[in-house]
Amino acid sequence: MSADGTGTDDTDFLARRFEAHRGHLRAVAHRMLGSTAEAEDAVQEAWFRMSRSDTSRVDNLGGWLTTVVGRVCLDMLRSRKSRAEEPLDTAAAPPGGPAQGSAGAVPWPVDPEQDALLADSVGVALLVVLDTLTPAERLAFVLHDLFGVPYAEVAAVVDRTPAAARQLASRARRRVQGAEVPEHDRALRRRQWAVVDAFLAAAREGDFEGLLDVLDPDVIARSEAGVTTGAAAVARGASTFGSAALGARPAPVARHALVDGAPGTVVLVGGRVERALRFAFVRDRIAVIDIVTDPERVARLDIESA
């Protein structure tokens with residue numbers, strides 16, 4: 001029995017449940033805060049809150065934890081603004097390692113080879129612009145535009161209505177898109193489009209190995225049908241869809257587009273957007289694919305030609 005009255009088996013079970021979501025939570029916190037140390041603190045605080053809460057009736061633990069981390073980050077950003085602190089360090093937390101606060105946990109080591117992870121993922125210019133946003137704008141933009149969290153869930157984190165959360169993200173998006181993009185980020189975006197093209201070509205041809213070449217090993221694909229994780233599973237799904245799409249009539253047309261400000265692809269059938277794909281990248285590989293097919297959700301997307 002632990003000091004808080006929780007049995008060892010219960011603690012281990014909670015730790016395993018938390019570990020399943022730790023990578024996503026750390027990514028959210030890191031993009032929110034731009035600091036490895038603060039992101040680790042935020043994730044550890046989420047573990048503490050989970051370990052002290054009754055989550056047995058929580059249907060969507062990932063969403064619950066994302067809300068917790070979002071609120072922790074919001075408090076940290078507000079505190080930072082009040083102290084006028086410098087937020088950025090560009091060291092990124094490594095992808096492996098146990099959850100802090102779990103049984104037998106040790107601090108994550110800072111791996112110099114991972115230092116560019118955050119900058120590679122969202123761009124140096126974006127990091128600078130994010131620091132000019134209000135805490136609520138930053139959180140709404142990061143959660144929705146970078147991680148695909150619905151506005152209703154963002155609203156719960158920032159304590160606003162869904163409409164107000166949408167306005168926060170929209171204001172942030174305009175400032176981000178209006179920022180001058182340095183040559184480094186232009187080169188990064190060109191590489192990302194090349195990866196998108198390689199992904200689409202491999203999907204059309206049912207090229208499983210080609211898909212693995214452009215997917216991060218821990219890639220996540222999200223759609224209305226559910227979530228698929230891991231490069232092999234995502235590649236199988238993409239190659240199956242690509243092969244089926246080749247025989248569709250009328251033939252689909254895929255085009256580059258900025259989908260809610262991120263690199264993406266729209267698939268047009270008969271001149272109408274039938275689905276949209278939005279990509280996030282880690283070290284020039286696709287780390288997240290958001291697939292939107294529901295007509296109402298497609299209509300709400302901010303889609304621009306690229």
How long is the straight-line distance from NE2 of His24 back to OG1 of Thr229, given to the nearest 0.5 Å? 13.0 Å
With a 4.5 Å limit on heavy-atom distance, are the side chains of Leu301 and Arg278 in contact? no
4.5 Å side-chain heavy-atom contact, Phe279 and Val195: no
Do Val288 and Ile291 sit in the same hydrophobic cluster, where Ile, Leu, Val, Met, Phe, Trp and Tyr count as joined when their side-chain heavy atoms come under 4.5 Å apart? no
Which label fits His256 and Trp193: parallel for a plane angle under 30°, tilted from 30 to 60°, or perpendicular past 60°? parallel
Could you walk me through whether Trp47 and Leu14 pass the side chain to side chain contact (heavy atoms under 4.5 Å, CB included) test, one step at a time? CA-CA 9 Å; Trp47 160 254; Leu14 284 174; 4.0 Å; yes
Heavy-atom donor-acceptor pair, Ser53 side chain to Thr55 backbone, under 3.5 Å: no
Shared ILVMFWY cluster between Phe199 and Phe208, side chains joined below 4.5 angstrom? no
Minimal heavy-atom distance between Pro162 and Ala152, with the atoms involved, is CG-CA, 4.1 Å
Glu224 side chain to Thr293 backbone, donor-acceptor under 3.5 Å: yes
Smallest separation among heavy atoms of Cys73 and Ala42, with atom names: SG-CB, 4.1 Å
Check whether any side-chain heavy atom of Met50 lies under 4.5 Å from a side-chain heavy atom of Leu61, and answer yes or no. yes
Are any side-chain N or O atoms of Arg285 and backbone N or O atoms of Leu215, one a donor and one an acceptor, separated by less than 3.5 Å? yes
A quick test of your reading: do over 12 heavy atoms of other residues, nucleotides or ligands sit less than 6.0 Å from CG of Asp159? no
Is it true that a side-chain atom of Glu137 and a backbone atom of Thr134 form a donor plus acceptor pair closer than 3.5 Å? yes
Closer than 4.0 angstrom, basic N to acidic O: yes or no for Arg22 and Glu19? yes
Do Val157 and Val28 share a hydrophobic cluster, counting only Ile, Leu, Val, Met, Phe, Trp and Tyr and linking them when any side-chain heavy atoms are less than 4.5 Å apart? yes
Is the shortest heavy-atom distance from the side chain of Leu258 to the side chain of Arg189 under 4.5 Å? yes
Okay, side chain of Arg71, backbone of Ala156: is any donor-acceptor separation there less than 3.5 Å? yes
What closest approach, in Å, do Ala140 and Ala169 show between heavy atoms, and which atom pair accounts for it? CB-N, 3.9 Å
Minimal heavy-atom distance between Val58 and Arg17, with the atoms involved, is O-NH2, 4.5 Å
If you define the side chain from C-beta out and look only at heavy atoms, does anything of Leu168 sit under 4.5 Å from Arg160? yes
What are the two closest non-hydrogen atoms of Val298 and Ile303, and how far apart are they? O-CD1, 4.5 Å
Which pair of non-hydrogen atoms, one from Leu212 and one from Ala235, has the smallest distance, and what is that distance? CD2-CB, 4.0 Å
Could you walk me through whether Glu153 and Thr66 satisfy the side chain to side chain contact (heavy atoms under 4.5 Å, CB included) test, starting with their C-alpha distance in whole Å, then the side-chain angles of each, then the deciding distance to 0.1 Å, before giving a yes or no? CA-CA 9 Å; Glu153 296 179 22; Thr66 298; 6.0 Å; no
With distance as the sole test, does Ser170 use its side chain to make a donor-acceptor pair with the main-chain N or O of Arg166 at under 3.5 Å? no
Any sub-3.5 Å donor-acceptor pair from Ser51's side-chain atoms to Phe48's backbone N or O? yes
Any side-chain heavy atom of Asn60 within less than 4.5 Å of one from Trp64? no
Between Leu277 and Ile220, is there a shared hydrophobic cluster once you connect ILVMFWY residues whose side-chain heavy atoms come closer than 4.5 Å? no
Report the distance from atom CD1 of Ile289 to atom CG of Asp216, rounding to the nearest 0.5 Å. 10.5 Å
Show your reasoning for whether side chain to side chain contact (heavy atoms under 4.5 Å, CB included) applies to Val196 and Leu200. CA-CA 6 Å; Val196 169; Leu200 295 174; 4.0 Å; yes
Indicate, with yes or no, if Tyr151 and Val149 share a hydrophobic cluster defined by side-chain heavy-atom contacts under 4.5 Å among Ile, Leu, Val, Met, Phe, Trp and Tyr. no
